[in-house]
2 protein chains.
Amino acid sequence: MAKPLTKEQLEQTMQQFVTACKQAGLKVTHQRTEIYRHLLLEPDHPSAEILHKRLLPSLPSISLDTVYRTLTTLEQHGLVSRIQTAESQARFEAVYAPHHHLICSRCKRVVDFQWPAIDRLDLPADVSNWGQIDSKTIVVYGTCMHCAGH
Amino acid sequence: MAKPLTKEQLEQTMQQFVTACKQAGLKVTHQRTEIYRHLLLEPDHPSAEILHKRLLPSLPSISLDTVYRTLTTLEQHGLVSRIQTAESQARFEAVYAPHHHLICSRCKRVVDFQWPAIDRLDLPADVSNWGQIDSKTIVVYGTCMHCAGH
DNA sequence: TTGACTGCAAACGATTTGCAATTGC
DNA sequence: GCAATTGCAAATCGTTTGCAGTCAA
């Protein structure tokens with residue numbers, strides 16, 4: 001279900017990120033690459049605050065508002081997505097292959113899963129009257145094994 | 001896609017609400033019934049603030065914090081649900097039949113739709129290793145007809 | 001060099017809280 | 001009458017913003 005990137009995949013994705021930034025007219029700053037790299041390294045949908053804490057050891061001077069600003073900028077350029085939870089803090093992830101979310105109601109941890117069968121399935125007919133569809137994501141709520149006890 | 005309640009359905013649902021409150025040991029206050037009634041009357045997933053504005057004509061003294069507190073209380077008792085959007089303000093709805101959400105990226109309006117085919121479908125096998133599933137909801141992002149232009 | 005980006009501090013908006021008065025049971 | 005609930009005001013939390021200095025191109 002989870003998918004840690006290999007060293008090569010990480011390098012390659014970082015290269016693509018740099019290219020995408022340049023194409024978008026965004027400057028490739030140390031802060032931006034580090035933020036993106038950490039999103040890839042620990043793809044557990046961290047909040048801006050958590051991400052900031054993770055960045056401090058390698059970038060002691062980075063400020064929380066830069067993290068916020070960068071995530072917002074990258075989101076606007078489709079490189080990062082802000083995910084929908086019922087919590088107060090927003091959570092972020094690097095954009096990649098279509099996937100869905102399992103959210104534990106207790107620990108609030110978000111885990112990705114794939115469900116190709118759904119991705120292929122067409123929405124009900126009457127939805128097409130509503131408008132133009134961009135994405136569909138399944139959000140599953142429950143209690144994870146860890147929280148359930150054993 | 002949308003489903004306004006008939007007068008009888010509204011009455012009946014309100015009765016069930018009162019019963020559920022009593023069963024949960026919650027006092028049936030005027031504020032609580034009005035909040036719940038308005039969620040049923042205009043099932044457009046209002047934010048606490050919008051709901052508060054709607055309540056003011058009939059309950060001029062109701063405060064915004066009571067609306068927040070009540071929604072949180074009712075949510076804890078499973079009578080209301082807080083829905084997941086990528087916005088800063090939370091949105092709420094009365095709990096009822098399983099349904100899914102269409103969210104317009106421009107106007108942020110949330111519309112319900114049914115998709116029984118999905119409700120029946122089992123999740124991928126490996127998800128069962130994750131834990132106990134409570135609910136699954138599809139969140140569809142796109143641009144509604146109204147915003148798209150014609 | 002120069003405009004985009006950053007860090008700082010202060011502002012902001014959404015939501016929560018402590019407390020005294022009020023109300024349902 | 002008593003505990004739960006409310007309204008008020010103030011506090012809190014997450015996030016955004018103005019500004020002056022800094023850095024990638």
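All figures in this text were calculated on a predicted structure; none of them were measured in a lab. Letters go in sequence order (proteins before strands), and every chain restarts at 1.
- One interatomic measurement links the two molecules: CZ of B/Arg32 to P of D/dA4, which rounds to 11 Å at whole-angstrom precision.
- By the side chain to side chain contact (heavy atoms under 4.5 Å, CB included) test, A/Ser63 pairs with A/Asp65, A/Thr66, sequence neighbours left out.
- Remark: B/Pro57 pairs with no residue by the side chain to side chain contact (heavy atoms under 4.5 Å, CB included) rule, at least two apart or across chains.
- Judged as a side chain to side chain donor-acceptor pair (under 3.5 Å), the pairs with a partner in residues 98-108 of chain A (not counting sequence neighbours) are, in order, A/Glu93-A/His99, A/Glu93-A/His101, A/His99-A/His101, A/His100-A/Asp119, A/His101-A/Asp112.
- Scanning for salt bridge (Lys or Arg N to Asp or Glu O under 4.0 Å) contacts around A/Arg37 gives A/Glu34, with sequence neighbours left out.
- Of the residues in residues 47-61 of chain B, those lying under 4.0 Å from DNA chain C by heavy-atom distance are B/Glu49.
- Considering only the side chain of A/Thr70, C/dT6 comes nearest among D/dT6, C/dT6, C/dA14.
- A salt bridge is absent between B/Asp122 and B/Lys136; no separation between the charged side-chain nitrogens and carboxylate oxygens falls under 4.0 Å.
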Sort me out a list of protein N/O and nucleotides 16-19 of chain D N/O pairs below 3.5 Å, or just none if empty.
residue : atom : partner : partner atom : Å
D/dG18  : O6   : A/Arg69 : NH1          : 3.4

Distance-only donor-acceptor hits, side chain of residues 4-14 of chain B, under 3.5 Å, sequence neighbours excluded:
residue : atom : partner : partner atom : Å
B/Thr6  : OG1  : B/Gln9  : N            : 3.1
B/Thr6  : OG1  : B/Gln9  : OE1          : 3.4
B/Gln9  : OE1  : B/Thr6  : N            : 2.9
B/Thr13 : OG1  : B/Gln9  : O            : 2.6

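- Regarding A/Ile62, its CD1 atom lies at a distance of 12 Å from the C1' atom of C/dC5, rounded to whole Å.
- In this structure, A/His77 places its NE2 atom 12 Å from C1' of C/dA4, rounding to the nearest Å.
- Distances shown here put every side-chain N or O of A/Ser63 at or beyond 4.0 Å from the OP1 or OP2 atom of C/dC8.
- Side-chain contacts under 4.5 Å among hydrophobic residues (ILVMFWY), followed directly or transitively, place A/Tyr141 together with A/Ile83, A/Ile103, A/Val110, A/Val139, B/Ile83, B/Ile103, B/Val110, B/Val139, B/Tyr141.
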Look for any protein N or O under 3.5 Å of an N or O in nucleotides 23-25 of chain C and output each such pair with its distance, or none.
residue : atom : partner : partner atom : Å
C/dG24  : N2   : B/Lys27 : NZ           : 3.2
C/dC25  : OP1  : B/Val28 : N            : 3.1

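- For B/Gln76, the side chain to side chain contact (heavy atoms under 4.5 Å, CB included) partners at least two apart in sequence or on another chain are B/Thr72.
- Remark: B/Phe92 pairs with no residue by the ring-ring contact (aromatic ring centres under 6.0 Å, His included) rule, at least two apart or across chains.
- Residues meeting the salt bridge (Lys or Arg N to Asp or Glu O under 4.0 Å) test with A/Glu49, sequence neighbours left out: none.
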